[in-house]
Amino acid sequence: MIRAIHEWCCDNGFTPYLVAVADGRARIPREHVRDGQIVLNVSYDATGSLTISNDSISFKARFNGAARDIFVPIGAVVAIYAKENGVGMGFDLEDDVTESNESATSGTDTEHVEPEPTAPAPAGRPKLQRVK
């Protein structure tokens, strides 16, 4: 399903965004994790060597100018959606991802964490209003 939504986004000129849980199995830039999750642009323009298999998603991308190899297990994917209109799909987490994420976040980390960007709500029909 992730592959199909990704292809739909790319075919229609949208930017596919992937939301994943930052568990111990995922190879992601930890400095971009917010509230235990990361939002990744997985468009072909933003990634290199993108592979979406039945078990994982892997690609190369630049973060703050530094090239990184990214690996996300399919079980850690929370959602995939189009940036422009918020259309996409959310997924349930696998039990082992939830348990490993809880154990990873149970430490005494006092670092300030900013809220994660959320998918924009789909826009309704535009309205014109006359202002006097």
Side-chain angles (χ1 to χ4, degrees):
M1 196 54 114
I2 294 170
R3 191 178 307 122
I5 294 171
H6 179 270
E7 288 176 12
W8 173 82
C9 286
C10 293
D11 290 347
N12 288 292
F14 297 131
T15 308
Y17 272 28
L18 186 83
V19 181
V21 171
D23 67 351
R25 300 179 304 158
R27 259 192 335 250
I28 54 172
R30 300 288 174 193
E31 63 272 16
H32 296 284
V33 172
R34 301 289 181 252
D35 295 328
Q37 296 181 343
I38 187 166
V39 179
L40 299 165
N41 178 347
V42 289
S43 68
Y44 289 116
D45 292 339
T47 63
S49 305
L50 177 65
T51 303
I52 302 175
S53 71
N54 293 337
D55 299 325
S56 65
I57 299 169
S58 61
F59 57 93
K60 296 177 184 191
R62 292 193 171 273
F63 293 87
N64 296 330
R68 307 281 288 268
D69 289 324
I70 307 300
F71 173 83
V72 178
I74 289 294
V77 175
V78 176
I80 183 167
Y81 64 93
K83 172 190 169 193
E84 292 77 5
N85 61 10
V87 175
M89 179 176 270
F91 304 98
D92 291 330
L93 290 178
E94 293 178 355
D95 291 335
D96 58 338
V97 173
T98 306
E99 290 170 9
S100 65
N101 194 34
E102 287 173 358
S103 64
T105 58
S106 63
T108 57
D109 188 6
T110 58
E111 180 179 322
H112 174 70
V113 178
E114 295 179 21
E116 173 192 342
T118 59
R125 185 172 180 191
K127 295 185 224 177
L128 290 176
Q129 182 178 10
R130 187 173 180 177
V131 178
K132 293 183 181 183

field: Steps toward side chain to side chain contact (heavy atoms under 4.5 Å, CB included) verdict (V72, L40)
entry: CA-CA 10 Å; V72 178; L40 299 165; 4.1 Å; yes
Considering non-hydrogen atoms only, spot the tightest contact between [X] and [Y] and give its length.
X   : Y   : value
A46 : A61 : O-CB, 3.8 Å
A76 : R25 : N-NH2, 4.3 Å
A67 : R62 : N-NH1, 3.7 Å
R30 : G24 : NH2-CA, 4.3 Å

Are [X] and [Y] close enough that some pair of their side-chain heavy atoms sits under 4.5 Å apart?
X   : Y   : result
I2  : I74 : yes
V42 : F59 : yes
V78 : F91 : no
I57 : L50 : yes
P29 : F63 : yes
Y81 : V39 : yes

task: Would you sort out whether V77 and M1 count as a side chain to side chain contact (heavy atoms under 4.5 Å, CB included), showing the intermediate values?
output: CA-CA 11 Å; V77 175; M1 196 54 114; over 6 Å; no
Nearest 0.5 Å, please: how far is [atom2] in [Y] from [atom1] in [X]?
X   : Y   : atom1 : atom2 : result
I28 : Q37 : CD1   : CD    : 10.0 Å
S53 : D55 : OG    : CG    : 5.0 Å
R3  : N54 : CZ    : CG    : 5.5 Å
W8  : I80 : CH2   : CD1   : 10.5 Å
Y17 : K83 : OH    : NZ    : 4.0 Å

- prompt: Between N85 (side chain) and V87 (backbone), is there a donor-acceptor pair under 3.5 Å?
  reply: yes
task: Could you check T15 against N41 for side chain to side chain contact (heavy atoms under 4.5 Å, CB included), going step by step and ending with a plain yes or no?
output: CA-CA 7 Å; T15 308; N41 178 347; 3.4 Å; yes
message: Is there a path of hydrophobic side-chain contacts, each under 4.5 Å between heavy atoms, that joins I52 and M89?
response: yes
- prompt: Y44, I70: one ILVMFWY side-chain cluster at the under-4.5 Å cut-off?
  reply: yes
field: Partners passing salt bridge (charged side-chain N to carboxylate O under 4.0 Å, His left out) against R68 (at least two apart in sequence or in another chain)
entry: E31
message: Looking at D92, I want to see if its CG is surrounded by more than 12 non-hydrogen atoms of other residues, nucleotides or ligands under 6.0 Å.
response: no
